[in-house]
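Comments concern the structure below.
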Amino acid sequence: IMYIELPVCIYMFFILGTKMIPFFGFVTVFFWFIGNGARLPLVYVILDIICVLLLFYPVLKRHKKITQIFVTLLFVIIFLNILSVARKSGKNISSDSNTFVQGLYYYLGGSMINMGDKLGIVSVHNSLWGAASVYGLALPFSNLISFSIVGNADYLFNMIQNSVISISSMSDQPYNFGTTGFLYLFADGKITGVIIISIILGLLSQFVYEKFIILNNLKYYVLYVFVMEGIMMFVLTDMLSGV
């Protein structure tokens, strides 16, 4: 619900000028962050605001809301850093992940290093023929109906996620957050899977973008934001199993 709620709230706040529903939406995200410490939903807030700025720039400029958006972005980023430091203060952790910005940097760099380390594990297994990319969707149903290919994906990704690496020769900090989406595409069909599934995802993204440009409505704005979130998550981990 939150993934759908966020772009709707951003759209209503900046484009429609509605205040009450976006307020409760932001409160939901705040308690999500407080409850489990997940910072990515707050990254989605930033991404949603950027999407509004890019897609509705003439409207926002006409209503003199550009400054409001930049101030909001700055506030959210500063707020994230303060919360990240406060949440981790007093804990025995390495200093390189104390702030939100530093943590995001390690997510990006660590995912590439982790993928390079795990490619060898995936290479010796047979292709999963799409089960890796839709793993997050298929796994709940595999508890009701046994799918051997999903079971193979479950085994493979448990092994990948439980195996930690060091993301820097200067530090022994363990890392197993993400491996970039290309590892999942490679698991699905090796190099052919990377090429074919990437093309399919690109065509789907283009379709949604063109629909939004033509219809310019809330539904396709939300779908467009999903595409943007998916591309961002693809840099870190698998987009289809996540967003």
Interatomic distance, M12 atom CE to E5 atom CD [nearest 0.5 angstrom]: 11.0 Å
Residues, nucleotides or ligands: over 12 heavy atoms within 6.0 Å of F182 CZ: no
Short side-chain to backbone donor-acceptor contact, S111 and L236, under 3.5 Å: yes
Y209 atom OH: more than 12 heavy-atom contacts under 6.0 Å: no
Enclosure of K219 NZ (heavy-atom neighbours >12, cutoff 6.0 Å): no
Student check: side-chain heavy atoms of K65 and V59 closer than 4.5 Å: no
Any donor-acceptor N/O pair, T28 side chain to F24 backbone, under 3.5 Å: yes
Spacing of L108 atom CG and T180 atom OG1 [to the nearest 0.5 Å]: 11.0 Å
Flag, side chain of D188 to backbone of S133, donor-acceptor distance under 3.5 Å: yes
Heavy-atom side-chain contact between Y44 and P7 under 4.5 Å: no
Ring geometry between Y221 and Y11 (parallel below 30°, tilted from 30 to 60°, perpendicular above 60°): tilted
L204 side chain near I200 side chain, heavy-atom distance below 4.5 Å: no
Residue pair F70 / I66, side-chain heavy-atom distance below 4.5 Å: yes
Greater than 12 external heavy atoms within 6.0 Å of M232's CE: yes
Validation row, ring centre F212 to ring centre F56 under 6.0 Å: yes
Y220 vs I213 side-chain heavy atoms within contact, under 4.5 Å: no
Side-chain donor/acceptor of N114 to backbone N/O of D117, under 3.5 Å: no
Closest non-hydrogen atom pair between T72 and Q68, with its separation: OG1-O, 2.7 Å
Heavy-atom check, side chain of I49 versus side chain of F14, under 4.5 Å: yes
Exceeds 12 heavy-atom contacts within 6.0 angstrom, atom CG of L218: yes
Enclosure of I21 CD1 (heavy-atom neighbours >12, cutoff 6.0 Å): no
